[in-house]
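To start, the structure itself, in structure tokens.
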Amino acid sequence: MSDIIDEVLSTLGRGKIFRARELLLPDYVPETLPHRENQIRKIVEILAPLARSEKPSNIFIYGLTGTGKTAVTKFVLKNLYKRFSSNFIYIYVNTRQSDTPYRILADILESLNSKVPFTGLSTAELFRRLIRKLNEVNPIVIIVLDEIDAMVKKHGDDILYRFTRANNELNKSKISLIGITNDVKFVETLDPRVKSSLGEEEIVFPPYNAEELEDILKQRAKLALNENAIKDDVIKLCAALAARDHGDARRALDLLRVAGEIAEREGKDQITTSDVEKARVEIERDRVYEILSTLPFHSKLVLIAILKGLRDKSTLTTGEVYEAYLKLANKMGVESVTQRRVSDILNELDMVGIITAKVVNRGRYGKTKEISLAVSEDIILKAIVESDERIASMWN
DNA sequence: TATCCACAGGAAGTCGTGGCCA
DNA sequence: TGGCCACGACTTCCTGTGGATA
């Protein structure tokens with residue numbers, strides 16, 4: 001057995017592709033950000049009052065996934081902090097990961113070295129603690145709330161309102177907010193008071209085109225990969241695939257990194273276009289597998305019901321899915337959920353891209369959804385059967 | 001043109017679990 | 001230890017939708 005481990009380690013240890021693999025990871029902020037000069041300039045202009053220890057305006061940043069919103073924001077704040085560290089501090093919170101008002105406040109307090117329990121306190125108490133803490137620290141605190149739309153859709157904009165009003169309760173300190181969102185229409189859904197306060201300044205990040213993505217990849221490849229580990233045609237392919245995917249730089253870098261890992265695993269000294277193709281399939285498979293294996297039990301059962309139903313026809317209605325689901329639940333001897341809940345589960349599966357659910361009006365025959373699979377049946381089955389013993393035993 | 005169908009989906013509430021604090 | 005709170009999963013109740021049909 002240890003022979004296998006030694007063999008694998010010796011192959012990977014001799015890696016000929018990467019010089020610094022971590023430079024291709026999404027959280028790495030490079031020293032230069034090509035094609036984002038205008039946005040950097042605009043943010044610096046808005047945050048310039050920090051140089052005089054004055055509170056800058058709140059900012060709202062829009063743009064699709066992978067357009068550099070987070071990287072540019074972190075880049076500007078990092079560089080301003082190098083120059084004016086005595087004037088302000090900044091705290092970054094990803095509100096998709098910390099997706100409740102409680103977790104956001106807890107994250108901010110933890111960044112300020114204040115220990116917070118995982119649960120058990122009211123959000124009002126956390127807010128009180130935050131105000132107390134802020135009154136002890138630096139005069140100005142910049143709070144970056146990334147992917148803020150996801151949290152607000154779930155829990156409302158109350159926490160944003162409280163943040164925008166917090167300055168009234170602070171004696172020495174002041175808060176400025178930077179909200180980052182993928183949803184251009186998100187701000188329209190906010191309470192007018194929050195909207196006017198949070199959106200003092202707005203910046204839009206347009207998607208990258210294929211040429212711009214190519215420049216970004218070339219710059220990053222130069223830093224992260226060994227010389228001659230990659231050719232221009234491979235970079236072009238990564239850029240083209242990511243450009244097709246609404247100009248997503250994160251996707252382009254992921255493709256390059258995973259293609260490099262595949263090439264390295266195979267003992268090659270150069271990444272080829274076929275490695276990129278393999279990387280594309282692997283990234284998609286991993287994403288889907290992770291989503292599927294962490295689904296709640298009834299969501300998995302609904303998916304199995306869809307798989308069974310789609311053996312006889314190309315699409316199913318919500319009612320047909322629910323019927324098939326009830327039969328399965330009955331067969332397994334588990335209590336079923338209501339149709340209302342199944343409707344929500346179908347929406348959730350649609351949102352994460354596992355199924356396609358199109359609302360259709362069939363006149364006298366009512367309004368429903370036409371449901372079909374968006375990923376291969378094999379991947380779904382594998383992930384569900386491997387992650388749930390009850391379903392596995394029923395299936396086998 | 002009114003009616004009908006098969007849901008969609010919003011709002012408010014319940015339940016169980018896990019955890020804090022006085 | 002009891003009261004309180006967060007949170008996810010779920011239920012109940014309700015109104016809205018829009019094209020086919022009588």
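Remember, predicted model here, so these are calculated numbers, not experimental data. Quick note on labels: first sequence line is chain A, next is B, and so on, each numbered from 1.
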Exercise. Taking 5' to 3' order, which nucleotide of DNA chain C is first and which is last to have an atom within less than 4.0 Å of a heavy atom in chain A?
Worked result: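 The contacted stretch runs from C:dC5 to C:dT21.
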Heavy-atom side-chain proximity of [X] to [Y] below 4.5 angstrom:
X: A:Glu377; Y: A:Leu310; value: no
X: A:Ile148; Y: A:Leu160; value: yes
X: A:Phe163; Y: A:Leu145; value: yes
X: A:Asn209; Y: A:Glu212; value: yes

Exercise. Can you list every pair that meets side-chain hydrogen bond (donor to acceptor under 3.5 Å, both in side chains) and has a residue in residues 277-288 of chain A, with sequence neighbours left out?
Worked result: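 Only A:Arg265-A:Glu282, A:Glu266-A:Lys278, A:Glu277-A:Arg280, A:Glu284-A:Arg287 qualify under side-chain hydrogen bond (donor to acceptor under 3.5 Å, both in side chains).
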Got a list of protein N/O to nucleotides 12-14 of chain B N/O distances below 3.5 Å?
none

Exercise. Reckon A:Ser299 touches a base, only the sugar-phosphate, or nothing at all at heavy-atom distances under 4.0 Å?
Worked result: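 Since no nucleic acid heavy atom lies under 4.0 Å of A:Ser299, the category is nothing.
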Exercise. Any Lys/Arg nitrogen of A:Glu320 or A:Lys313 sitting under 4.0 Å from an Asp/Glu carboxylate oxygen of the other?
Worked result: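 Salt bridge: yes.
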For this session: Send over the distance from A:Glu370 CD to B:dA6 P, rounded to a whole Å.
Result: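 These atoms are roughly 15 Å apart.
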Problem set entry | Partners passing ring pair (Phe, Tyr, Trp, His ring centres under 6.0 Å) against A:Tyr90 (at least two apart in sequence or in another chain) |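 So A:Tyr90 forms a ring pair (Phe, Tyr, Trp, His ring centres under 6.0 Å) with A:Tyr81.
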Exercise. Of all residues at least two apart in sequence or in a different chain, which pass the side chain to side chain contact (heavy atoms under 4.5 Å, CB included) check with A:Lys327?
Worked result: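 Residues passing side chain to side chain contact (heavy atoms under 4.5 Å, CB included) with A:Lys327: none at all.
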Problem set entry | Partner residues of A:Thr164 under the side chain to side chain contact (heavy atoms under 4.5 Å, CB included) criterion, sequence neighbours left out |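 A:Thr164 satisfies side chain to side chain contact (heavy atoms under 4.5 Å, CB included) with A:Tyr161, A:Leu177, A:Ser197 only.
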Exercise. Parallel, tilted or perpendicular: which fits the ring planes of A:Tyr325 and A:His298, with parallel below 30° and perpendicular above 60°?
Worked result: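 Ring orientation, 0 to 90° scale: perpendicular.
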Below 3.5 Å between N/O atoms, which protein atoms pair up with nucleotides 7-11 of chain B? Just atom names and distances, please.
{"from": "B:dC7", "atom 1": "OP1", "to": "A:Gly319", "atom 2": "N", "distance (Å)": "2.8"}
{"from": "B:dC7", "atom 1": "OP1", "to": "A:Thr368", "atom 2": "OG1", "distance (Å)": "3.4"}
{"from": "B:dC7", "atom 1": "O5'", "to": "A:Gln339", "atom 2": "NE2", "distance (Å)": "3.3"}
{"from": "B:dC7", "atom 1": "O3'", "to": "A:Thr318", "atom 2": "OG1", "distance (Å)": "3.4"}
{"from": "B:dA8", "atom 1": "OP1", "to": "A:Thr318", "atom 2": "OG1", "distance (Å)": "2.4"}
{"from": "B:dA8", "atom 1": "OP2", "to": "A:Ser343", "atom 2": "OG", "distance (Å)": "3.3"}
{"from": "B:dG9", "atom 1": "OP2", "to": "A:Asn347", "atom 2": "OD1", "distance (Å)": "3.4"}
{"from": "B:dG9", "atom 1": "OP2", "to": "A:Asn347", "atom 2": "ND2", "distance (Å)": "3.2"}
{"from": "B:dG9", "atom 1": "OP2", "to": "A:Lys369", "atom 2": "NZ", "distance (Å)": "2.8"}
{"from": "B:dG9", "atom 1": "N7", "to": "A:Arg340", "atom 2": "NE", "distance (Å)": "3.3"}
{"from": "B:dG10", "atom 1": "N7", "to": "A:Arg340", "atom 2": "NH2", "distance (Å)": "2.8"}
{"from": "B:dG10", "atom 1": "O6", "to": "A:Arg340", "atom 2": "NE", "distance (Å)": "2.7"}

Exercise. In residues 122-132 of chain A, which residues come under 4.0 Å of DNA chain C by heavy atom?
Worked result: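 DNA chain C contact set from residues 122-132 of chain A: A:Ser122, A:Thr123.
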Problem set entry | Proximity to DNA chain C (any heavy atom under 4.0 Å), residues of residues 304-311 of chain A only |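 By residue number: none to list.
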Exercise. For the helix from B:dT1-C:dA22 to B:dA22-C:dT1, what angle lies between the axis at the first five pairs and the axis at the last five pairs, to 10 degrees?
Worked result: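 Comparing the axis at each end, I get an angle of 30°.
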Side-chain donor-acceptor contacts of residues 351-371 of chain A below 3.5 Å, not counting sequence neighbours, with atom names and distances?
{"from": "A:Arg362", "atom 1": "NH2", "to": "A:Tyr365", "atom 2": "O", "distance (Å)": "3.0"}
{"from": "A:Thr368", "atom 1": "OG1", "to": "A:Thr318", "atom 2": "N", "distance (Å)": "3.4"}
{"from": "A:Lys369", "atom 1": "NZ", "to": "A:Asn347", "atom 2": "OD1", "distance (Å)": "2.2"}

Exercise. Going from CG on A:Asp388 to NZ on A:Lys300, what distance comes out if it is rounded to the nearest 0.5 angstrom?
Worked result: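 Those atoms lie 4.5 Å apart.
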Exercise. So how far is it from A:His35 NE2 to A:Thr67 OG1, rounded to the nearest 0.5 Å?
Worked result: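 Those atoms lie 14.0 Å apart.
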Exercise. Does A:Val234 share a hydrophobic cluster with A:Phe18, counting links as ILVMFWY side-chain heavy atoms below 4.5 Å and allowing steps through other members?
Worked result: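 Hydrophobic grouping puts A:Val234 with A:Phe18.
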For this session: Cation-pi check, A:Arg36 to A:Tyr208: give yes when NZ or CZ is under 6.0 Å from the six-membered ring centre and within 45° of the ring axis, no otherwise.
Result: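 Yes, a cation-pi geometry.
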Side-chain donor-acceptor contacts of residues 105-114 of chain A below 3.5 Å, not counting sequence neighbours, with atom names and distances?
{"from": "A:Asp107", "atom 1": "OD1", "to": "A:Arg103", "atom 2": "NH2", "distance (Å)": "3.3"}
{"from": "A:Asp107", "atom 1": "OD2", "to": "A:Ser98", "atom 2": "OG", "distance (Å)": "2.4"}
{"from": "A:Ser111", "atom 1": "OG", "to": "A:Asp107", "atom 2": "O", "distance (Å)": "2.9"}

Problem set entry | Residue pair A:Thr32 / A:Gln219, side-chain donor-acceptor N/O under 3.5 Å |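 Short answer, yes.
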